[in-house]
2 protein chains.
Amino acid sequence: MPYIPTGNLTPLPDEHPCATCPVRPITICRGLDAPTLAGMRSLGTMQRLKPEQSVFHEGDPAKRVFMVTNGSLKLYTLLADGRRQITGFMFPGDFLGVSIDEEYAFTVEALEDTELWWFSREAFDRFISEHPQVERELYRLAAHELAEAQRQMVLLGRKAAAERLASFFLSLLERNERASGVQETNFDLPMSRIDIADYLGLTKETVSRMLAHLRNRGLIRLQAQDRVQILDRIGLRSMAEGESAEVGE
Amino acid sequence: MPYIPTGNLTPLPDEHPCATCPVRPITICRGLDAPTLAGMRSLGTMQRLKPEQSVFHEGDPAKRVFMVTNGSLKLYTLLADGRRQITGFMFPGDFLGVSIDEEYAFTVEALEDTELWWFSREAFDRFISEHPQVERELYRLAAHELAEAQRQMVLLGRKAAAERLASFFLSLLERNERASGVQETNFDLPMSRIDIADYLGLTKETVSRMLAHLRNRGLIRLQAQDRVQILDRIGLRSMAEGESAEVGE
DNA sequence: CGAAATTTTGAGACCCGTCAAGCGGAGTGG
DNA sequence: CCACTCCGCTTGACGGGTCTCAAAATTTCG
């Protein structure tokens, strides 16, 4: 059997209806304003998740809309042979909607103890029609999501392994800073090495090696297995953008 | 200088303002209904482009909204050293908007003789407020774009070279079929091999080799340098999804 | 028809995937 | 408190798919 460049295969569920379903789900992150959030919450239902518990699976009918209030989740798609691509992570404040009734195109699964609110498509539509400005906000958020997706395409298509990990760390750091509003030097890694690998299009072994590489260059430090400290933000940035290729090994 | 896994470097423009601009542009494709299109067109200005002529560059202020009526274009982002990732192609009927005044996060360039309509952000906003249903349509279209971006992430992160090319061909074929409304077996390739490579995260040489591979397997035929005929759609599909790994060499 | 550009083909190198073993922290039981 | 197990992470050796470099073949276009 020929080489398939994508280790760490995920065990497939007994049956999963992937293939050519016309997909419409959309992830929307970071940005609904406080009154909007409060209004939505009053219509919703709170749900707590344990690690590895899933919110829905690829192929499920897309009937609900979600908002994360605590914890974190991963979104992923599986290929027929178990190869997995994580297309995004969700954190508190992130929003996951769908535009029309279709099927979810990915699975969403909690990384840790997580709290989210869901509401039905109908309740959501009703809310929208009572809050017309929300439609525009949704569009704005979707645009932001799309810009992020484009950055990820650049990462997956054109960056070397070390550059991918550096980019990933910077985006986690900056996300934390946007959330807290202050400069940070540390952040948590709620996801496993395999999750990081499946997000960056690598294997867990390569992630581990690149972690060592960044550490040896003095760019980062691991305060714990799942907590990163940035030692040289400038250096990490130039590695992320591929500019440190010149610097002597 | 160490290995950078991404050949065919693009000559960089003398200066280009990339880096950490907060981006918001959004591509929206395939779907505004006829009256909407007509209404938009009445407010817009037609523009003709020659091959390689660009509509705007990464970093330009995002003041306009575009709609393609003829021809095709590519959207791409450059890294500092000239590595390029094409994040999408645009065809007639496709729409390129931005949600708020920011900078474009990518460059858009014509592949062939192309005709498009543009209008100012203000005119677009005015149009939106006169056609409230458009906002929802935009959101729906954005969701569709995002789903496509997620599929591309799976392709870039987890598919082998032959699978990428097979997936690409199928998506071009299906796009043609959606546009024409009938089953097709042929389609044009308005983009160069380098463009295909930069879209699929490969090099032009690998694209060429995989082309030969698909041809040798009897899956496709090249009617011309830039026109593909599908000989075995089922086989191409299973190659795209990575299922033909089992089949004998 | 000839020059330039693009595409294809070939040979060799390399990053990263694969496979396997070793390490270390967390939880459990004695 | 320590031995033991489990499981995720790290490290090492090796091979392979794809990149790089180069040249031939083909197409484009004046």
Side-chain angles (χ1 to χ4, degrees), chain A residues 1-11 51-52 81-85 111-112 155-165 189-198 200-216 220 222-228 242 245 249, chain B residues 1-11 50-52 81-85 111-112 155-165 189-198 200-216 220 222-228 239 242 245 249:
Chain A
M1 179 164 153
Y3 173 86
I4 294 181
T6 296
N8 310 319
L9 296 191
T10 300
E52 300 183 43
D81 60 1
R83 279 175 280 174
R84 187 177 69 153
Q85 178 67 38
L111 294 171
E112 55 190 321
L155 182 151
L156 292 171
R158 287 304 181 215
K159 288 191 181 177
E163 297 166 1
R164 296 185 194 193
L165 194 60
L189 289 178
M191 65 292 288
S192 71
R193 299 295 190 265
I194 292 192
D195 287 339
I196 296 175
D198 283 348
L200 299 179
L202 302 170
T203 59
K204 62 182 189 304
E205 293 92 339
T206 299
V207 168
S208 217
R209 280 186 259 267
M210 294 305 124
L211 217 45
H213 184 65
L214 298 186
R215 199 186 321 115
N216 293 339
I220 65 163
L222 286 183
Q223 296 179 312
Q225 201 77 274
D226 59 352
R227 185 157 181 87
V228 178
E249 166 54 20
Chain B
M1 178 164 153
Y3 173 87
I4 294 180
T6 295
N8 310 319
L9 295 192
T10 300
K50 288 286 172 198
E52 301 182 43
D81 60 1
R83 278 175 282 174
R84 187 178 71 152
Q85 179 66 38
L111 294 170
E112 55 190 320
L155 182 151
L156 292 171
R158 288 305 182 213
K159 288 190 182 178
E163 297 166 1
R164 296 185 195 194
L165 193 61
L189 288 178
M191 65 293 287
S192 71
R193 300 294 189 264
I194 291 192
D195 287 339
I196 297 174
D198 284 349
L200 300 179
L202 302 170
T203 59
K204 61 184 188 304
E205 293 92 338
T206 299
V207 168
S208 216
R209 280 186 258 268
M210 295 304 122
L211 217 44
H213 184 67
L214 297 186
R215 200 188 317 117
N216 293 339
I220 65 163
L222 286 184
Q223 296 179 310
Q225 201 79 274
D226 59 353
R227 184 156 181 90
V228 177
M239 162 138 310
E249 171 60 21

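Quick note on labels: first sequence line is chain A, next is B, and so on, each numbered from 1.
An OP1 or OP2 oxygen of C:dT6 is reached within less than 4.0 angstrom by no side-chain nitrogen or oxygen of B:S192. A:T206 has a side-chain polar atom (N or O) that falls below the 4.0 Å cut-off from OP1 or OP2 of C:dG17. Taking side-chain N and O atoms only, B:T203 has no distance below 4.0 Å to OP1 or OP2 of D:dT18.
On a pure distance criterion of 3.5 Å, no polar donor-acceptor pair joins the side chain of A:E205 and the base of C:dC16.
Between B:L156 and B:R164 the shortest heavy-atom distance is O-NH2, 3.1 Å.
If you find the closest nucleotide of DNA chain C to A:Q225 and to A:A162, the one lying nearer the 5' end belongs to A:A162.
Residue A:S208 has its side chain nearest to D:dT10 when only D:dT18, C:dT8, D:dT10 are considered. The listed nucleotides are C:dT18, C:dT7, D:dT18; the one nearest the side chain of B:R193 is C:dT7.
C:dC16 atom C1' lies 8 Å from atom CE of A:M210, rounded to whole Å. Spacing between atom CG of A:L200 and atom C1' of C:dC15 amounts to 16 Å, rounded to whole angstrom units. The distance from atom NE2 of A:H213 to atom P of D:dT10 is 15 Å, rounded to the nearest whole Å. What separates CD1 of B:I196 from P of D:dT18 is a distance of 16 Å, to the nearest Å. In this structure, the CZ atom of B:R83 is 13 Å from the C1' atom of C:dC15, given to the nearest Å. The CD atom of A:Q223 sits 17 Å away from the C1' atom of C:dG25 (whole-angstrom rounding). As rounded to whole Å, 16 Å separates atom P of C:dT6 from atom CE of B:M191. In this entry the distance linking CZ of A:R209 with P of D:dA13 reads 11 Å, nearest Å.
For the atom pair A:T206 OG1 and A:R193 CZ, the distance stands at 13.5 Å (nearest 0.5 Å).
Looking only at distances, no side-chain donor or acceptor of A:E52 sits under 3.5 Å from a matching main-chain atom of A:L111. Using modelled atom types, no side-chain atom of B:R158 and backbone atom of A:R83 make a donor-acceptor pair closer than 3.5 Å.
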Practice prompt. Apply side-chain contact (heavy atoms from CB on, under 4.5 Å) to the pair A:M210 and A:L200, showing each step before the final yes or no.
Written response: CA-CA 12 Å; A:M210 294 305 124; A:L200 299 179; over 6 Å; no
